[in-house]
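Residue numbers begin at 1 in each chain, while the letters A, B, ... track the order of the sequences.
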Amino acid sequence: KAGVTQTPRYLIKTRGQQVTLSCSPISGHRSVSWYQQTPGQGLQFLFEYFSETQRNKGNFPGRFSGRQFSNSRSEMNVSTLELGDSALYLCASSPLPGTSGRDEQFFGPGTRLTVL
Amino acid sequence: QKEVEQNSGPLSVPEGAIASLNCTYSDRGSQSFFWYRQYSGKSPELIMSIYSNGDKEDGRFTAQLNKASQYVSLLIRDSQPSDSATYLCAVLSGSARQLTFGSGTQLTVLP
């Protein structure tokens, strides 16, 4: 079974621009979560989507947004980029609650965003 | 604020030794606990999940959970140089599927 895929793998943007990152979960998984990883703050939760609905959101400004499509694929958007947004953005997918391996989240390879 | 604390390391062990990684968490209502391995420049890889008190073994890895003490550990037996990585403890709290991560422990296995 194919793993989580993320595109693009690398991005370079300048301050003030916006960016959209894409994530395709493991086939059959319907929950998608997004995380930001930086050397200073570590891994931090951004938001989680299930059945096209945002179920939970981390402590990030409104410039960070996301959505999920009916095929479970997800996108996240960051508007008005700041230097501090440079990070590895990770998407993780989970199977349905109650299925085997409950609660386990599997990460994609990430998108490395550099803001200049 | 829910917190997950790990022994900061770095931790070095000789090849063939047992590596012991520890983690404590603050949210007493947490139900699901995970260990991820992250190689430099790569994304986290799930290596163990544990939900009940006690030990769970998978190959050379053993996870231990003590909810009363709010403590999770990972033992790696017969450590190999390929085990050299950062190990992240993660806790899933409440009904939200939000993982809270520790800062990670960098493990180096010396040949």
Separation between CD of B/Gln98 and CG of A/Leu46, rounded to the nearest 0.5 Å: 10.0 Å
Contact summary for B/Ser43 and A/Pro109, nearest pair of heavy atoms: OG-CA, 3.7 Å
Flag if over 12 foreign heavy atoms under 6.0 Å of CZ, A/Arg9: yes
Residue pairs passing the ring-ring contact (aromatic ring centres under 6.0 Å, His included) test where at least one lies in residues 61-95 of chain A, sequence neighbours excluded: A/Phe60-A/Phe64
Shared hydrophobic cluster for A/Leu88 and A/Trp34 (ILVMFWY, side-chain gaps under 4.5 Å): no
A/Leu43 side chain near B/Tyr36 side chain, heavy-atom distance below 4.5 Å: no
Nearest atoms (heavy-atom pairs only) where B/Leu99 meets A/Phe45: O-CB, 4.2 Å
Closest heavy-atom pair and its distance - B/Tyr51, A/Glu104: OH-CG, 3.5 Å
Heavy atoms from other residues, nucleotides or ligands near CZ of A/Arg112 exceed 12 (cutoff 6.0 Å): no
Residue A/Leu90 versus chain B: region with a heavy atom under 4.5 Å: side chain
Joint cluster assignment, B/Ile76 & B/Val72, ILVMFWY side-chain distance < 4.5 Å: yes
Side-chain touch B/Leu92/A/Gln105, heavy atoms, less than 4.5 angstrom: yes
Side chain, backbone, both or neither of A/Gln41 within contact of chain B (heavy atoms, under 4.5 Å): neither
Linked hydrophobic residues, B/Leu75 as query - side chain contacts closer than 4.5 Å: B/Ile18
